[in-house]
Amino acid sequence: MKTCRNIRQSLSVFLNRIVLLWQQAFSHVYKEWHGYETEKSPIFTLEFYDSLEYPKPKSDECHFMNFHGTLCGRKQFKDSNMCFWHFRDVSKYEKDAMREYFGTECSLKEAIENEVLNKQSLRGAYLENAAIGGNFFEKGANLSRADLREANLTGAHLSYGSLNRARLERANLEYAYLSDVDLRGCVFTDAKLFNTKFRRNDFSEAKGISKENFLGWKYSIMPQYKMLETYPDQCKDVYRALTAHFQAAGALEDASWAAYKEREMHRRWFRSRINPLWHIAEDFGDAVFKQRKPGMKIILFSFIHSLTSSVQYLRLTFFKILCGYGERVWRIMVASFLVILIYAVAYSYYGILDEIGSCLYFSVMTFLTVGDANLTLKGNYQWMVASESFIGLLLMGLFLFTIARRAVGRN
Ligand SMILES: [Zn+2]
């Protein structure tokens with residue numbers, strides 16, 4: 001008898017594992033991570049839970065169980081098997097329904113804040129089309145695997161929370177705060193991320209994210225693609241993470257945009273550090289923090305720091321204008337054209353060749369490092385010609401490198 005029961009138990013455990021695996025595979029295929037309702041899927045009945053080794057929900061509690069095997073346990077919404085958060089219908093946002101469930105008149109945002117205040121997870125919550133934008137006073141909402149399709153999250157403070165594997169298709173996250181938010185496996189298809197605040201985010205396994213998500217309009221007519229760039233040092237790392245993500249996904253144009261933005265943030269960071277007072281304040285604060293006496297050395301070092309920042313800023317600015325940090329092919333072409341033109345005018349001015357036409361021809365030939373033996377030069381200007389050849393060689397190399405990197409990738 002005992003052996004029989006053991007076999008039955010092992011069989012039951014084995015079958016449960018199969019069911020769970022099937023459920024995960026099924027959800028993966030249909031990208032419906034938490035789209036199961038007791039009404040629709042017969043396996044999520046009390047009998048199903050009875051057969052599991054996991055905790056069983058009480059008949060008056062929410063039946064939502066996540067993949068870790070923990071139960072939601074909130075009270076049920078109306079006559080469904082789910083609580084308010086896991087009930088999958090937008091009719092629940094109605095004022096009367098919410099008053100009946102929560103006992104008081106409250107907005108959806110206040111209800112979420114209450115959950116966060118009580119350290120309750122909103123994992124797998126159904127919030128499709130929900131209007132929960134604006135400031136949250138309680139930060140750190142756990143909205144992992146939540147359904148936030150088409151939700152209005154404009155300006156929402158979701159910092160320190162989690163959106164792990166959340167669905168954000170067509171959601172509006174403009175001006176939202178996503179600092180330190182877990183974004184792994186998020187679905188961003190057609191979500192609006194213009195001027196969204198990011199910091200230390202991980203985009204690995206994120207789906208549907210591209211440059212287009214960051215589209216906004218300057219003066220209502222000029223398209224621009226960016227996140228909130230108030231803190232360049234933080235944005236720099238986020239753009240770098242985006243570059244790596246786009247690169248891994250093979251989206252080379254998007255990777256190029258993110259790489260350009262990363263360098264631009266780097267430049268802006270140096271610009272913010274040019275002012276020596278900034279360094280004096282920083283070094284002074286540092287000395288006080290480490291309980292050292294701030295001396296005159298601070299002022300000297302501040303000026304040295306300021307000088308190096310200026311040099312770096314100028315270097316990056318030059319690099320930006322010349323070739324868009326090695327991402328803009330057109331800028332190199334314009335730069336090449338200008339170099340040829342300037343040298344042609346110089347050759348004409350110093351009278352190396354008689355006509356302006358032959359000066360231009362000679363300039364092009366020199367730039368391409370081809371030269372022309374038939375032209376006889378007047379005067380002693382070899383160094384000028386050599387310098388044009390040198391610049392030409394560098395620019396052509398840069399041109400080929402930029403095209404190749406945009407076409408092949410940056411690995
Ligand atoms: Zn629930």
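Read the numbers this way: they start at 1 and go in the same order the structure lists the ligands and their atoms. Please read these numbers as outputs of a predicted model, since none were measured by experiment.
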Quick one: is the NZ or CZ of Arg328 closer than 6.0 Å to the six-membered ring centre of Tyr260, and within 45° of its axis?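 Cation-pi check for Arg328 and Tyr260: passes.
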Over-ring placement of Lys92 relative to Phe87, 6.0 Å and 45° cut-offs: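 No, Lys92 does not lie over the aromatic ring of Phe87.
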Name whichever N, O or S atom of His86 ends up nearest to the Zn ion (ligand 1).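 This residue's closest N, O or S atom turns out to be ND1.
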Round to 10° and report the angle made at the Zn ion (ligand 1) by SG of Cys62 and SG of Cys83.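 SG of Cys62, the Zn ion (ligand 1) and SG of Cys83 span an angle of about 110°.
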Is the distance from the Zn ion (ligand 1) to the nearest N/O/S atom of Cys72 under 2.8 Å?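 It does: Cys72 brings an N, O or S atom closer than 2.8 Å to the Zn ion (ligand 1).
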In Å, rounded to the nearest 0.5 Å, how long is the span from CZ of Phe77 to CZ of Arg88?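 These two atoms lie 14.0 Å from each other.
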If only atom types and distance count, is the side chain of Glu61 paired as donor or acceptor with the main-chain N or O of Arg74 below 3.5 Å?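 Pair absent, no side-chain N/O of Glu61 close to backbone of Arg74.
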